[in-house]
Amino acid sequence: MTSQYHPETVEKDAQSFWEKHKTFETNTDQPAKRNDNYYCLSMFPYTSGNIHMGHVRNYTIGDVKSRIKKMQGHNVLQPMGWDSFGLPAENAAIKNKSHPAVWTRENIKHMRTQLQRIGFAFDWSRDFATCDPAYYRWQQWLFLQMYKKDLVYKKNAIVNWDPVDQTVLANEQVVNGRGWRSNALVEQKNIAQWFCRITSYADRLNNDLQTLEQWPEAVKTMQSNWIGKSVGAEVHFQIEGKTEPLTVFTTRADTLYGVTFMAIAADHPLALELAKSDDKIKAFANRCKQQSTAEADIQTAEKIGIATPLYAINPINQEKIPVWIANYILMSYGTGAIMAVPAEDERDHAFATKYNLPIQTVYDNEGRLLNADTHIGMRQEQASQAITASLKKSKHGTEKTTFRLRDWGISRQRYWGVPIPIIHCPHCGEVAEKEENLPVTLPENIDYRYGDPLLKNCEAFYKTTCPECGADAVRETDTFDTFFDSSWYYQYFISQGKDGICSIKNDQWLGVDLYIGGIEHAILHLLYARFMQKILFDLQLSEVSEPFTRLLSQGMVLKDGAKMSKSKGNVVSPDTLIKTYGADTIRLFVIFAAPPTQDLEWSDGAIEGCFRFLKRLWTFVDTHYKILIKNDQQGAFDSLSTNTQQLIIDLHKELYVIERDANHIHLNTVASGAMKLFQLIGKLQKQEDAQGHLREAVSILLRVLNPITPHITHALWQKLQLGENIAMAEWPQADQRILHAANQITIVMQINGKKKGMVTMHTDASESEVVNSLKSDPATSMQLDKHQKIKKTIYVKNKLINFVV
RNA sequence: GCCUCAGUGGUGAAAUUGGUAGACACGCUGGUUUUAGGUACCAGUGCUUAUGGCGUGGGGGUUCGAGUCCCUCCUGAGGCACCA
């Protein structure tokens, strides 16, 4: 009688076994050695309501690595939690006339059930959401420490303002310059907001990238470019009739002779002053105010400008050049003004052509300065130095290093977020909330059905007393950017808030040994988390200065060539797949179908193949149960037939490759390697003298497969009485003795680098032995005889021999 | 526009350091078994004008030898600071 593979039963059994035995709960308090600990963290999900294939893929990768590490004897910490504050909850609340808190908590419940059904080895006892006051209390505490050290401050910044809804809009809520709900023309509004001084850390964030040896180069390059350190000069241009000079930053001081106009932002102080008395300039500035604030839009928008009556004096040659206002200059970037060199800069060139401004050639064909007075004939490097030196001498400029990175705006004029713990007192001004009063709790008894949800309208929240003088005062009603919530959560999974935000104890687990998430977080989230760890380091709460030791940027799950999304209608639901095939098949598919770092194109067909593989495995164990259950026979390797020996050698060779790939997180080839093992076992089963080796071979296969398909292997492991809990079994290793038993090797013969034949040799054969062997073989000797003169022979031992003719 | 990455059969892909291109699967073709089947098993499957030639997005280069290194172009994807 044979049993059939019923994934649902098998998976529920395994999952309740793990729960009952607390297989994946981790004790982080014991003084374990740092090297024995392995912290594997996958980016926690936003609580959108559904786990999608991208999550399944992300968490399966982490789960496989975690389970392998556990089998290799490490003390593994793999937690999961919820990124639960943010905009979609408010949108859903308005749409469904519910409350963001209700929506969020229901979503968490559902998503947790979904994840548990997939069988991830998470330590669920550490589960938390960023909207839990127990969590954000420490976030507010951290903010207060930063406030004390002047690492947070308030300044004005531009937001998208919807004049009809009277609310601030996110960039994605602005569609073609209009509010997505009101359809009103969106305006730029300048309001006071909280900022973190991440720019003070720019150099450290940039330099420490070099220490991140286990990060992908692409991510490091992107971060470095984002930080954008540039060494150049600040140049002061005198404005006719003004005392204050117009200051610009340039990395190309050598092009100063080619400056034909100046361009300033529409909200540059000079422009604002001109707009007061000049209607045309005012109109232009208003037009710029309706422009998108997104960098991509600014860079691709049509470049427009307006002349001003102002003239600047070029400090190098005293030439009089016009000052223009241009929409491609940003006040928030550098000094909000540039010197335009149309001959050397494409954007300036386009602008000059459009407005008929002169174009002054800077270099001749040989790269030597033209029309450059005393600097004539210099090359770029020399010119840069010489011109900067003259500017310095005449006090019109100085060397300067700037960063593209801007300070991090963390204020949101939104309800569903962590309250910023500041109080505004009429007598004392801005006052920090006292630490013992934390958390400043977000009120949840707000009726979402009636209009404006902002905390500004919630008297019960904002009315308070000043911690300094006791007078009536009001709370800050801005909440935190959710990037702030997710910039330190990896700490909380360890400490659970027991020793404050974190303690040196956490360092036993840090930096995170493997951090896995989408490439879309390559810059912002990862930069903010790195910044925050440096703050914790400077506050002496941690001795670790980088949060993530190893980073894996997983590719996206695509369907029809595009990211799965509701709006594109190309979503595949994990729930449906689990119903049809079970969790193990889905897990095997996402691991097998593509390397973790590459995008994964969804395929309905391929998943069937994975299901069939698991069914075959189940049937194989079932069919050969009587042989496999016997624990007492294993013939000596040397006494086996050549064929059987070769199969066992191949098995261990494959095992060797699997282990190497597992270490490199090339998990797709771990899966295909397991399939190869299964093929070999099938062949082994047909060898009469191999029966005594089948049990060991199957035990190896089950252990290799267990991290990927933990449920079916759990069931088969118990069925074959190989142990109680395969999750705790030892990861199998290739037998060195068997590996070295192989002594035949195939050498490829090439002529001029093209493959012309092969020959089987004993290992480490010498060049002359190979040549002799080739000459004695009719097929290869014929190839060699075609060519009279052999100019050169290249012999790569145990691999190939190449004849150059 | 700027920064980053990717492109290999009909499809997903494989290929330590430059050294047998296409492992492992999907699909397809033919066969065997079964009452039947969408099952299982076996064989074949890059293209081609086939003892040879051509093949890793296009073009060029370095090398005895290039999917892998360099230059250039094309296409697609991600990010661009308030989506997360």
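Proteins get letters first, then strands, A, B, ... in listed order; numbering begins at 1 in each.
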Counterpart residues, salt bridge (charged side-chain N to carboxylate O under 4.0 Å, His left out), relative to A:Lys154 (two or more places apart):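 A:Glu476.
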
A:Lys155 NZ/CZ over A:Phe195 ring centroid, <6.0 Å and within 45° of normal: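 A:Lys155 over A:Phe195 ring: yes.
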
Cation-aromatic face contact A:Arg616/A:Phe678, 6.0 Å, 45 degrees: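 No; the conditions do not both hold, so A:Arg616 does not lie above the ring face of A:Phe678.
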
First of A:Asn752 and A:Glu217 reached from the 5' end of RNA chain B, by closest nucleotide: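 The 5'-side residue here is A:Glu217.
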
Closest nucleotide among B:C3, B:A77, B:C54 to the A:Asp599 side chain: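 So the side chain of A:Asp599 is nearest to B:A77.
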
Between B:C64, B:C54, B:A14, which nucleotide gets closest to the side-chain atoms of A:Pro595?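 Nucleotide nearest to A:Pro595's side chain: B:A14.
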
Give [X] one of three labels, base, sugar-phosphate or nothing, depending on what nucleic acid heavy atoms sit under 4.0 Å from its own.
X: A:Lys797; result: nothing
X: A:Lys754; result: sugar-phosphate
X: A:Val748; result: base

Using residues 294-301 of chain A as the side-chain source, report each donor-acceptor pair under 3.5 Å to any protein atom, sequence neighbours left out, with the distance given to one decimal.
unit_1   : atom_1 : unit_2   : atom_2 : d
A:Asp297 : OD2    : A:Ser292 : OG     : 2.6
A:Thr300 : OG1    : A:Ala296 : O      : 2.7
A:Thr300 : OG1    : A:Asp297 : O      : 3.4

Polar atoms only, N or O, under 3.5 Å: list the protein pairs with nucleotides 21-31 of chain B and their distances.
unit_1 : atom_1 : unit_2   : atom_2 : d
B:A23  : O2'    : A:Lys676 : NZ     : 3.0
B:A25  : OP1    : A:Gln679 : NE2    : 3.0
B:A25  : OP2    : A:Gln679 : NE2    : 3.1
B:C26  : OP1    : A:Arg612 : NH2    : 3.1
B:G27  : OP2    : A:Arg612 : NH2    : 3.2

So, using ring pair (Phe, Tyr, Trp, His ring centres under 6.0 Å) as the criterion, who are the partners of [X] when residues are at least two apart?
X: A:Phe480; result: A:Phe143, A:Phe484
X: A:Tyr528; result: A:Trp408, A:Phe483
X: A:Trp82; result: none

With rounding to whole Å, what would you report as the distance between [N] and [M] at their [atom1] atoms?
N: B:U17; M: B:A66; atom1: C1'; result: 14 Å
N: B:C71; M: B:C24; atom1: C1'; result: 36 Å
N: B:U51; M: B:G76; atom1: P; result: 42 Å
N: B:G46; M: B:U11; atom1: P; result: 14 Å
N: B:C42; M: B:U35; atom1: C1'; result: 23 Å
N: B:G10; M: B:U45; atom1: P; result: 15 Å
N: B:U8; M: B:U56; atom1: P; result: 11 Å
N: B:G60; M: B:G12; atom1: C1'; result: 32 Å

Just grab all the side chain to side chain donor-acceptor pair (under 3.5 Å) pairs involving residues 664-681 of chain A, residues at least two apart or on different chains.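 Side chain to side chain donor-acceptor pair (under 3.5 Å) check on residues 664-681 of chain A returns A:Asp661-A:Thr669.
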
Which pairs pass side chain to side chain donor-acceptor pair (under 3.5 Å) with one or both residues in residues 790-805 of chain A, sequence neighbours excluded?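 Only A:Asp764-A:Asn798 qualify under side chain to side chain donor-acceptor pair (under 3.5 Å).
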
If we only count heavy atoms from C-beta on, is the A:Pro7 to A:Tyr581 side-chain gap below 4.5 Å?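 A side-chain contact under 4.5 Å is absent here.
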
Does the side chain of A:Val219 come within less than 4.5 Å of A:Ile519's, by heavy atoms?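 Yes - at least one pair of side-chain heavy atoms lies under 4.5 Å apart.
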
How close or far is atom [atom2] of [N] from atom [atom1] of [X], stated in whole angstroms?
X: A:Gln554; N: B:G78; atom1: CD; atom2: P; answer: 14 Å
X: A:Lys756; N: B:G19; atom1: NZ; atom2: C1'; answer: 16 Å
X: A:His664; N: B:A15; atom1: NE2; atom2: C1'; answer: 15 Å
X: A:Met556; N: B:C5; atom1: CE; atom2: C1'; answer: 10 Å
X: A:Arg57; N: B:G12; atom1: CZ; atom2: C1'; answer: 11 Å
X: A:Leu526; N: B:U4; atom1: CG; atom2: C1'; answer: 14 Å
X: A:Ile227; N: B:U4; atom1: CD1; atom2: P; answer: 14 Å
X: A:Leu527; N: B:U4; atom1: CG; atom2: C1'; answer: 15 Å

Would you give a per-nucleotide map of nucleotides 79-84 of chain B, 5' to 3', where B means the base has a protein non-hydrogen atom under 4.0 Å away, S means only the sugar-phosphate does, and - means neither? SBBBSB

Any chance you could lay out the side chain to side chain donor-acceptor pair (under 3.5 Å) test for A:Gln139 and A:Trp488, step after step, and finish with the verdict? CA-CA 8 Å; A:Gln139 181 162 319; A:Trp488 68 279; 3.0 Å; yes

Which is it for B:A50, anti or syn, if anything within 90° of zero counts as syn?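 For B:A50, whose glycosidic angle is within 90° of 0, the conformation is syn.
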
Could you tell me whether B:G9 is syn or anti, where syn means a glycosidic angle within 90 degrees of zero?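 Because its glycosidic torsion lies within 90° of 0, B:G9 adopts the syn conformation.
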
If you measure from the Lys or Arg side-chain nitrogens to the Asp or Glu carboxylate oxygens, is any gap between A:Glu344 and A:Arg252 under 4.0 Å?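 Here A:Glu344 pairs with A:Arg252 in a salt bridge, since their nearest N and O are under 4.0 Å apart.
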
Any N/O pairs under 3.5 Å between the protein and nucleotides 66-70 of chain B? List them or say none.
none

Pairing string, 5' to 3', for RNA chain B - Watson-Crick or wobble contacts under 3.5 Å, brackets [ ] where pairs cross, | to another strand: (((((((..(((......[....)))((((((.......))))))(((...)))..(((((..]....))))))))))))....

Would the base of B:U17 count as contacting A:Lys799 through its side chain, where contact means a donor and an acceptor less than 3.5 Å apart?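 A donor-acceptor contact between them is present.
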
Let's test your reading of the model: under 3.5 Å, does the base of B:C3 pair with the side chain of A:Asn225 as donor and acceptor?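 Absent.
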
List the residues meeting side chain to side chain donor-acceptor pair (under 3.5 Å) with A:Thr482, not counting sequence neighbours, and say none if there are none.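 In terms of side chain to side chain donor-acceptor pair (under 3.5 Å), with neighbours along the sequence ignored, A:Thr482 is linked to no residue.
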
Would you compute the distance between atom CG of A:Leu667 and atom CD of A:Gln554 and round it to the nearest 0.5 angstrom?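 CD of A:Gln554 is found 11.5 Å from CG of A:Leu667.
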
Looking only at heavy atoms, which two atoms of A:Arg414 and A:Thr479 are closest? And how far apart?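 Heavy-atom minimum between the residues: O-OG1, 2.9 Å.
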
Would you tell me if any nitrogen or oxygen in the side chain of A:Lys220 comes within less than 4.0 Å of OP1 or OP2 on B:C3?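 False: A:Lys220 side-chain N/O out of range (4.0 Å or more) of B:C3 OP1/OP2.
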
